[in-house]
2 protein chains.
Amino acid sequence: MEPGYNDVTEHLEKHRFSGEFKGRCHTVNSVLTRIGDKWSVLTVMLLADGPCRFNELKRRIGDISQRMLTLTLRGLERDGLVSRTIYPTIPPRVEYELTDLGHSLREPVEALGKWAFDHHDRIARARAVYDQNNPET
Amino acid sequence: MEPGYNDVTEHLEKHRFSGEFKGRCHTVNSVLTRIGDKWSVLTVMLLADGPCRFNELKRRIGDISQRMLTLTLRGLERDGLVSRTIYPTIPPRVEYELTDLGHSLREPVEALGKWAFDHHDRIARARAVYDQNNPET
DNA sequence: CGGGATCCTAATAGATACTG
DNA sequence: CAGTATCTATTAGGATCCCG
């Protein structure tokens, strides 16, 4: 499992009794950390269209390395968001597909996506102002 | 701006015309990457209660280092999600507070939080199953 | 085609010490 | 109190080669 997966459960155990609110936040946080990595959300969104093979997915994402796509898919599979089906043909054919759990993630993620889209210009402006007032190192 | 902020705008520029859908995804992604870091969401959630001083925030979060809290707050401030007010008393007093933009982020984040909370047991089980079937390296 | 294994770099987190 | 500076450990991510 090489590059460290920060474990939701462990994190939960550690913080569950340190206050309901904070507990909830750490749960949110662990999920955000999980799907907030560089490729997970994009992958989930692309898989929303339907099942997809490894290399097709790779092409559609475009600038992802083979390694990261593999790791991303393994992570999503481990969390039960994506299923992996092997067709033992020659050449081999492997299809990835969103599970129900994976599909259920779309709604909140798209809500956040909408927020991002609605406000990204405002964020960009805020950054410009900030950078203006805080000269480069 | 030391530890690299992956720049929303730049990312947007690069991907805006490579398809509306993918463009949207990259936008979502950049926002997720931003707020998906280890502390941002937790910080925003705690600030939702009202203004808070640096060290009080640090205490409430508990296991954050001074450095990371500073970096997190700077990032949030730069994105216009948090305001920083200095009261030039002795000792100095600095209050952080959510801006309107920051407050508007709460809704989608809480939606995701709810999802996380509703499904984290299912995710944990999925992981257990996966790890069962995929013995440790 | 769909990866696994390996090597390498860059980004990020934490610890510690110091400062106005 | 509210940071900055510095140093180190850990992680994420890319490149490359290989294999069934």
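Numbered from 1 within each chain, the chains take letters A, B, ... in sequence-line order.
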Five-pair end axes of the helix from C/dC1-D/dG20 to C/dG20-D/dC1 and the angle they enclose, rounded to 10°: 40°

Electrostatic pair B/Arg125:A/Asp79 at N-O distance under 4.0 angstrom: no

Below 4.0 Å: OP1/OP2 of D/dA2 and any side-chain N or O of B/Arg59: no

Heavy-atom closest pair, residues A/Asp121 and A/Asp118: OD1-O, 3.5 Å

Any residue meeting side chain to side chain donor-acceptor pair (under 3.5 Å) with B/Asn55, in chain and number order, not counting sequence neighbours: none

Side-chain N,O (B/Tyr96) to OP1/OP2 (D/dG3) below 4.0 Å: yes

Spacing between A/Ile61 atom CD1 and D/dG13 atom P, to the nearest angstrom: 13 Å

Atom pair distance, as rounded to whole Å: CG in B/Leu71 and C1' in D/dT6: 13 Å

Non-neighbouring partners of A/Glu95 that pass side chain to side chain donor-acceptor pair (under 3.5 Å), sequence neighbours left out: A/Arg93

Spacing between B/Asp37 atom CG and D/dA12 atom C1', to the nearest angstrom: 14 Å

Gap between atoms CD and P, on A/Glu56 and C/dC1 respectively (whole Å): 11 Å

Ring pair (Phe, Tyr, Trp, His ring centres under 6.0 Å) pairs, two or more places apart, involving residues 95-116 of chain A: A/Trp115-A/His119

Sugar-phosphate only, base, or nothing, as touched by A/Tyr87 at under 4.0 Å among non-hydrogen atoms: nothing

Length of the CZ-P vector between A/Arg74 and C/dG3, whole Å: 5 Å

Length of the line joining B/Leu69:CG and D/dG3:P, which is rounded to integer Å: 8 Å

Integer-rounded Å distance: D/dG3 C1' and B/Glu95 CD: 16 Å

Hydrophobic cluster identity match, A/Leu98 and A/Ile86, side-chain contacts under 4.5 Å: yes

Backbone N/O of A/Ser40 and side chain of A/Thr72: donor-acceptor pair under 3.5 Å: no

Residue list, side chain to side chain donor-acceptor pair (under 3.5 Å) with B/Thr43, at least two apart or on another chain: none

Base-contact (B) and sugar-phosphate-only (S) positions in nucleotides 14-20 of chain D, heavy-atom cut-off under 4.0 Å, - elsewhere: BB----B

Nucleotide C/dG2, atom P - distance to CD of A/Glu77 in whole Å: 15 Å

Residue-phosphate contact under 4.0 Å: A/Arg93 side-chain N/O, C/dG2 OP1/OP2: no

Cluster overlap A/Leu57 with A/Tyr87, hydrophobic side-chain contacts below 4.5 Å: no

